[in-house]
Amino acid sequence: MTNTQIHTPYHRTEIRGFTAILAGAFALRLYHVNAPPIDFQSWRESYTLMVARNFFRHGFNPFFPRVDFRLGADLPETNVVAATELMVTPYLTALLYTVLGTGFWVNRVVPIFFSLFGLIYFYRLVRRFDGPHTAITAAALLAVSPYYLYCGRSQMPEAFVFAMSFAALFHYDAWLDRNRWIDFLVAATACVLMIVGKPHLGVMAVPMAYLTFHRPGLRAFRDWRLYAFAALVAAPCIAYVWWSFFELASRSGVKDSSAVYFSHSRWLFNPEYYKKIRLSVWLWAVTPPVVVLGFVGIFRARSGGRYALAWLSGALSFFFIVPGGAETNGYYQLILAPPMIVLASVAMTKGIEHSAKLVYALRLAFVVVLVGGTAVYSVVTAYRMFQPLYADDYLCGEWIRTHTPPEAMVLSASPNPTMLYLADRVGWTSFPKSWGIEPQLNAEFIDAVGRNGATVLGIPYRYFDDGTYEDFNDLRD
C-alpha cells in the first residue's frame, strides 16, 4: 500500500461541507430548468432530444436512435443515426417521459442526476489519493466549472460519461488495491459505458495505465486479472463500434461522426488551431485561476497525486487524436477540467493538514478566497452560456407546430435542428449559401425537397427581410 489517504476517516465537518457543495451544485443546475433548448449549444441538445422523443414514440431500442431531420434532398428509408455514441442520456430521458411527460424540465433530470453523481465519485476519487482537504476543494471547483455546469443541465452525454469515467478510475484503483470482484465488475461496467457513451474518453486509458503500473511496475504484465479486465471491457466496445459505425452506417441516412474531426493535417499544422484552443481553454473550459493554479500543482503533486499528471496527459492527447472535434465543439475541451482542477487543488492544499493552528487558519482562509473567486468567475461564464441565442428558432418552431398539420414536412433554412425539434416536425436542414457547405438553401434545393414532400419552409432568422444579408437574395426575389 503506497497511499495513506485511502483510509482517512470522514469527519462531520467534512461531510457537512461536501453536502453544502452538492446542494449548491444542484441549485445552480435548476436555473431556468424549464427553458427550451435555445442556448449556445442548442443544436446538440435538440439533436439528442429528437432521439429521446423518438425512443418514447417508436420503441425503446437503444441500438436504433432516430432523429427528425435529413441532410440531403433525397428521403432516406430511415432516419436512424449511425456512427454515434450509445444514446444513454436520451434513452433514460425517454423512460422518464412515460412517467413525467415531455416537459422541458424533464429533459434536464438525467443530466442533473449524473452531474451530481459524478461529483460524488470525483470527490471520492480525489480524497482517495490526496485527502479530504484537496477533495473538498476540487469538488467545489468542479461543481461550478463552466462546461461541467452547462453540460450538467443540458441534454448531452457529457454528464453521464464523466460520471462513468470518475467511477471507473475509483473502482479500478480500489480493485487493484483490494482485489474485490465487486470493484472489478463496477470498474469494467463503468469503462464500457464511458467508452460507448463517448468514444473519445478512451484516452482515460492513460491514467488507468498509470494506476496499473505504479505499484507493481513491469510485474503487472504477468497479472492475468488485467487481461481479463481488458477483454471484458474491449469486447462490448468493439461490438458496439462495429454495429454503429459499420453495420448501421450502411442503412442510415444520417451519420454523426465527421471525417473532419480526424483531419490531422488540417488542424495540427495550423498555428490558428493552437491559438483558438489555448484561448478557449483559458477563458471557458478550465478558466484562468484553475489554469494558473493547475500549473503550480504540476510541480507540487506528491506521489499519490501523480495520477492527476497521467490523467492530464491522457486529456491532452485527445487534442492531437481528434483535433477537429476539440476545435469545433468547445464542450469537448471539458476533458481537461477535472485533472487541472485536481492539480489546482493540490497546489492550494498540499500539506495544509499538518500546519500549525494559526498557519492552518490563514491557509484555509486563503483557499476559501481563491475558490470563492474562481467560483464567481465560473458561474458568470456559465451564465453567458445559458443565454437564449436561438430564441428565433423557438418562435419559428412554435408557429409551425401550431399552424401546420402534424404530418407537414419542413425545410429549415438553418443547419441547426432546433427549429424542427420545437416544431415537432420531420424535415430537412440546410446551410446558408455563404457557408459553402452542402446542402445549400437555394431554389434548386427547395424544389428537390418539395418533390419529396416538403410543404413548409422555416426561416428562423429575424434578418431574412434585410436586403444586406445576401444569402437570402434569391429567395426574396
Side-chain angles (χ1 to χ4, degrees), residues 3-31 33 108-109 111-146 148-149 152-153 159 162-163 165-167 169-171 173-174 186 287 289-290 293-294 297 302 304-305 307-308 337-380 382:
N3 186 2
T4 59
Q5 300 294 341
I6 292 176
H7 302 298
T8 303
Y10 287 86
H11 296 290
R12 184 176 301 176
T13 302
E14 178 191 357
I15 294 172
R16 288 174 177 173
F18 182 66
T19 302
I21 291 171
L22 271 182
F26 177 66
L28 287 172
R29 284 153 178 79
L30 294 181
Y31 175 76
V33 71
R108 304 191 186 277
V109 172
I112 288 174
F113 171 80
F114 280 110
S115 176
L116 299 179
F117 181 76
L119 191 62
I120 292 171
Y121 259 110
F122 180 73
Y123 167 75
R124 294 181 69 194
L125 176 67
V126 179
R127 192 185 194 278
R128 179 175 179 83
F129 288 99
D130 295 304
H133 290 88
T134 302
I136 284 283
T137 304
L141 292 175
L142 184 66
V144 297
S145 185
Y148 194 77
L149 174 54
R153 61 182 294 282
F162 276 93
S165 71
F166 303 150
L169 283 178
F170 178 87
H171 284 285
D173 187 69
V186 173
T287 72
V290 174
L293 290 168
R302 51 193 164 206
Y307 75 101
M340 286 296 289
I341 284 171
V342 173
L343 292 168
S345 301
V346 167
M348 287 186 280
T349 62
K350 180 182 179 182
I352 191 173
E353 65 274 15
H354 303 302
S355 303
K357 184 176 295 187
L358 178 59
V359 176
Y360 175 84
L362 292 174
R363 287 192 63 182
L364 186 62
F366 182 65
V367 170
V368 170
V369 170
L370 280 179
V371 172
T374 302
V376 170
Y377 178 93
S378 298
V379 171
V380 170

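Because only heavy atoms are used, hydrogens play no part in the values below, and waters and symmetry mates are left out as well, while side chains stay in.
Rounding to the nearest 0.5 angstrom, the gap separating the CD1 atom in I120 from the CZ atom in F114 is 11.5 Å. The structure places OH of Y123 at 4.5 Å from CD1 of I136, a figure rounded to the nearest 0.5 Å. For the atom pair CG of L141 and OG of S345, the computed distance is 5.0 Å after rounding to the nearest 0.5 Å.
Of the candidates V367, T349, V346, T349 is the only one forming a side chain to side chain contact (heavy atoms under 4.5 Å, CB included) with H133. If you run side chain to side chain contact (heavy atoms under 4.5 Å, CB included) between L142 and each of L119, L149, I21, only L119 comes through.
Within 6.0 Å of OH on Y377 lie more than 12 heavy atoms contributed by other residues, nucleotides or ligands. The 12-atom threshold is not exceeded at CZ of F366, counting heavy atoms of other residues, nucleotides or ligands nearer than 6.0 Å.
Between V126 and F122 the shortest side-chain heavy-atom distance falls below 4.5 Å. The side-chain heavy atoms of T287 and S145, taken from C-beta on, include no pair separated by under 4.5 Å.
The shortest heavy-atom contact between A25 and A143 is CB-CB, 3.9 Å. Scanning all heavy atoms of the two residues, the minimum distance from T134 to D130 falls at OG1-O, 3.4 Å. Among all heavy-atom pairs drawn from A138 and I341, the shortest one is O-CG2, 3.5 Å.
At distances below 3.5 Å, not a single donor-acceptor pair connects side-chain atoms of S355 with backbone N or O atoms of Y360. Under a 3.5 Å cut-off, the side chain of S378 and the backbone N or O of A375 do not form any donor-acceptor pair. Checking side-chain atoms of R108 against main-chain N and O of V33 turns up a donor-acceptor pair under 3.5 Å. Remark: side-chain polar atoms of R363 are paired, donor with acceptor, to backbone N or O of M348 under 3.5 angstrom.
For R29 and S115, the side-chain atoms include at least one donor-acceptor pair closer than 3.5 Å. No hydrogens or angles considered: a donor-acceptor pair under 3.5 Å links the side chains of H171 and Y121.
In this structure, F129 and Y307 have parallel ring planes: the angle between them is below the 30° cut-off, well short of the 60° mark.
Taking the centre and axis of the six-membered ring of Y10, the NZ or CZ atom of R127 falls inside the cone set by 45° and 6.0 Å.
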*What do the steps show when you test F166 against F170 for ring pair (Phe, Tyr, Trp, His ring centres under 6.0 Å), and what is the final call?*
CA-CA 6 Å; F166 303 150; F170 178 87; over 10 Å; no
*Can L343 and L293 be said to form a side-chain contact (heavy atoms from CB on, under 4.5 Å), step by step?*
CA-CA 7 Å; L343 292 168; L293 290 168; over 6 Å; no
